[in-house]
Amino acid sequence: MEPRLKARQDCGKCLINQDVYERIKGKVLTAPERVNKRGMKPCLFGKGGTCCNVCHMGPCQIIEGVEEMRGVCGATASTVAARNFCRMVAAGTATHSDHGRGIAEAFYSVVHNEAEDFEIKEKAKLRMVAHYLGLDRKKPIKELAKEVAVKALEEFGKQHGRLAFLSRAPEKRQEKWRELGVESRGVDREVVELIHRTTVGVDQDYRSLLKASIRCALADGWGGSMLATELQDILFGIPQPIKSVVNLGVLKEDMVNITVHGHEPEVAEALAIAAQLPEMIKEAQKVGAKGINLAGICCTGNEVLMRRGIPIAGSFVQQEIALATGAVEAMVVDVQCIMQNVTTVAEAYHTAIITTSDKAKIEGAIHIAFDHHKPIESAKNILREAIARFPKRDKKDVYIPKKKMDVVAGFSHETILYMLGGRFRASYKPLNENIINGRILGVAAIIGCDNFRVKEKLHIEIAKELIANNVLVVVTGCAASAIGRDGLLSPDALDLAGESYREVLEAIGCPPVLHMGSCVDNSRILIALTEMVHTGGLGDDIDELPVVGSAPEWMSEKAIAIGNYFVGSGTTVVFGPTFPTENSKIATNYLREDFNQMFGASWRIARNASEFVSIMIDHIRKKRENLGIDKPKPRVLYDMAMRRALGAPTISPFHGLGCFGPTHLRVEPEEQTQ
Ligand code: XCC
């Protein structure tokens, strides 16, 4: 491994936006200060998974191998660590899936003419989704859309059978799931059952618990999350590569600044439309602003970045300081990852925190319930609240750091297909070929949160070293924003890529790190991996691919659910710097060794950037060795006949969406627009 890292320009351990923190020091207590001032480290039992509080005889602190330090009920460290892990998986699955259900409900209202303003944007994708939901995709669009809405909602409450989208996975993976008895039935059922198993006196075998956690997690990846992504794409559009900017410098001194924060794109989409209406711009101008500037935070930000190119003000760790610029009139939040402290910071300024979901209210915030039957009307009400704050902005107290960075985002798996294969031969074949011939060593995903307790800039260090070693890197979530801040989502970063990888990138003109979206969009990666399998040459199942995942600064339970569905789907993941079962060697070992036996993939732990990179690259190399592609091969020169044989000249818009093999689906052009 030969890292070709450029000299780092700024401090790898410094707080992001230290300058803004300096300005509010003493005014409001912020998260990084709380980390330093708490006076105690995180509880070691809790951190390592062996604090049991499922009943009120405890909480019991458990020490593995010490008889008197089992739970009062006798629960062992492995049982307790496995239970706590399962609870995280259930919570993460519930979270992504309730997001999916919310979108399914909005979709239902739109296609049943119960909602104004939105309409179906992607008819071809609707037909593809209909097919996988077991519907007759050839029906007229309006009728089909109604059936899709009902079927999608039913996936959540299904009691028997299996989730429809599991059939999109490679056949061999599906067989494995069947054999192991981990095919998810309905989303809600898996969450409820897993929570049931973890309550006092139920499932008390770490093996049984951990295996069950896969069944639940698969209901997230191939269920709730995938439904969320697909329905969002149908309603709001499939992301295409799009230029934008990230970091606090995207806020504007002369405009009404509104940050959209959370996860569900519906509110932000409505705000984006409403903010461009002449009547709303006029209202903003009346109070002295030039217009309305929307900027994203966390995954709502990623959603509107991917589809609309709306800039990202910040990731999870920047939400407080976005407000501390003094330039934000309103932070509009939907669900998930919104720190309660935002209301405290907002109080020091003129800023309104506006909650929009009845599921997520915050003390001190203004609640404007978003009515998905009337999205634009709801959005206008929100905008008016923000506009009214603009005259109250204290101009002397405004400090917008200059730093911002150009990014290219919007790499849905459909886009990658077109970019790699070209307009007339959209396929993953060039990717597979470049992996087989060694130009690209393999594929790595860096996903998940950023974290106030992690002082190193892990995402960036890892991404730089991977691309220098010719690994294609895809990113989602706050990891994507962090990596974007450092310039790696821009084609300008090409010179950081290893030589052979750079050649491939130059030919297709994309950045060395591909932004694939939000947390729920990790389901796009599942489809991309499936597509790589179906394209051929890299084995018959996901676990044979030279591919690895990571979440270097994870903090949310959702990240654990995501990691678990990747492992269950055959992709090894590396998490760190700490891991929630670490106090039980037995449970942790099961996640690594036994899962590897069962699923061909395991959970690995790394403490720092170099450990992450070593594990990831070694893993990719091992998979290459297993495939027999570890030796450099002489370059094969294609003649015209060979080129023609590469792919069909006409392509279906669904080509490559995991549709090959027995479930291959082709949609004729006339079907797309009916
Ligand atoms: Fe939340 Fe999705 Fe984590 Fe960011 S990355 S901190 S979960 S917003 Ni998914």
Side-chain angles (χ1 to χ4, degrees), residues 16 31-32 88-89 91-100 102-103 217 220-221 224-226 228-229 232 246-247 259-268 295-306 312-322 331-342 357 360 409 445-454 457-460 462-463 474-485 489 515-526 549-566 573 575-576 578 580:
I16 311 162
M88 296 180 95
V89 170
T93 303
T95 311
H96 290 139
S97 300
D98 209 38
H99 166 170
I103 291 297
D220 179 350
S225 281
M226 199 172 279
T229 296
Q232 284 166 188
V246 296
N247 217 343
T259 56
V260 287
H261 179 9
H263 282 77
E264 297 179 355
E266 201 190 347
V267 178
I297 308 257
C298 282
C299 282
T300 296
N302 284 321
E303 296 280 359
V304 285
L305 167 76
M306 293 271 284
I312 294 232
S315 58
F316 175 78
V317 297
Q318 288 175 294
Q319 56 188 294
E320 292 171 314
I321 40 168
M331 176 178 269
V332 183
V333 306
D334 49 82
V335 290
Q336 304 165 27
C337 297
I338 301 133
M339 287 166 43
Q340 187 164 358
N341 206 41
V342 291
S357 165
I446 305 178
I447 65 132
C449 325
D450 42 14
N451 183 332
F452 289 106
R453 290 207 188 259
V454 179
K457 289 184 180 175
L458 287 180
H459 298 122
I460 294 145
I462 295 167
V474 298
V475 291
T476 58
C478 290
S481 308
I483 284 168
R485 279 197 298 269
L489 299 183
H515 188 328
M516 287 190 77
S518 64
C519 304
V520 294
D521 289 341
N522 286 307
S523 62
R524 296 189 198 277
I525 302 177
L526 292 177
S550 68
E553 297 189 27
W554 76 279
M555 61 90 200
S556 161
E557 293 157 318
K558 290 179 282 177
I560 294 294
I562 295 168
N564 216 34
Y565 72 63
F566 271 110
V573 297
F575 271 48
T578 53

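When a ligand or atom number is given, it counts from 1 through the structure's own listing order. Model, not experiment: these values are computed from the prediction.
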Exercise: do N302 and H515 side chains pair donor with acceptor under 3.5 Å: yes

Taking only residues two or more places apart in sequence, or in another chain, which ones meet D521 in a salt bridge (Lys or Arg N to Asp or Glu O under 4.0 Å)? R524

Considering all heavy atoms of both residues, which atom of N451 and which atom of W554 are nearest to each other, and what is their separation? ND2-O, 3.1 Å

Test item: side-chain donor near acceptor, N247 and Q318, under 3.5 Å: yes

Flag for D334-T300: side-chain donor and acceptor within less than 3.5 Å: yes

Just by distance, with hydrogens left out, do H99 and K558 show a side-chain donor and acceptor under 3.5 Å apart? no

Closer than 2.8 Å to atom 3 (Fe) of ligand 1, which protein N, O or S atoms? C449 SG

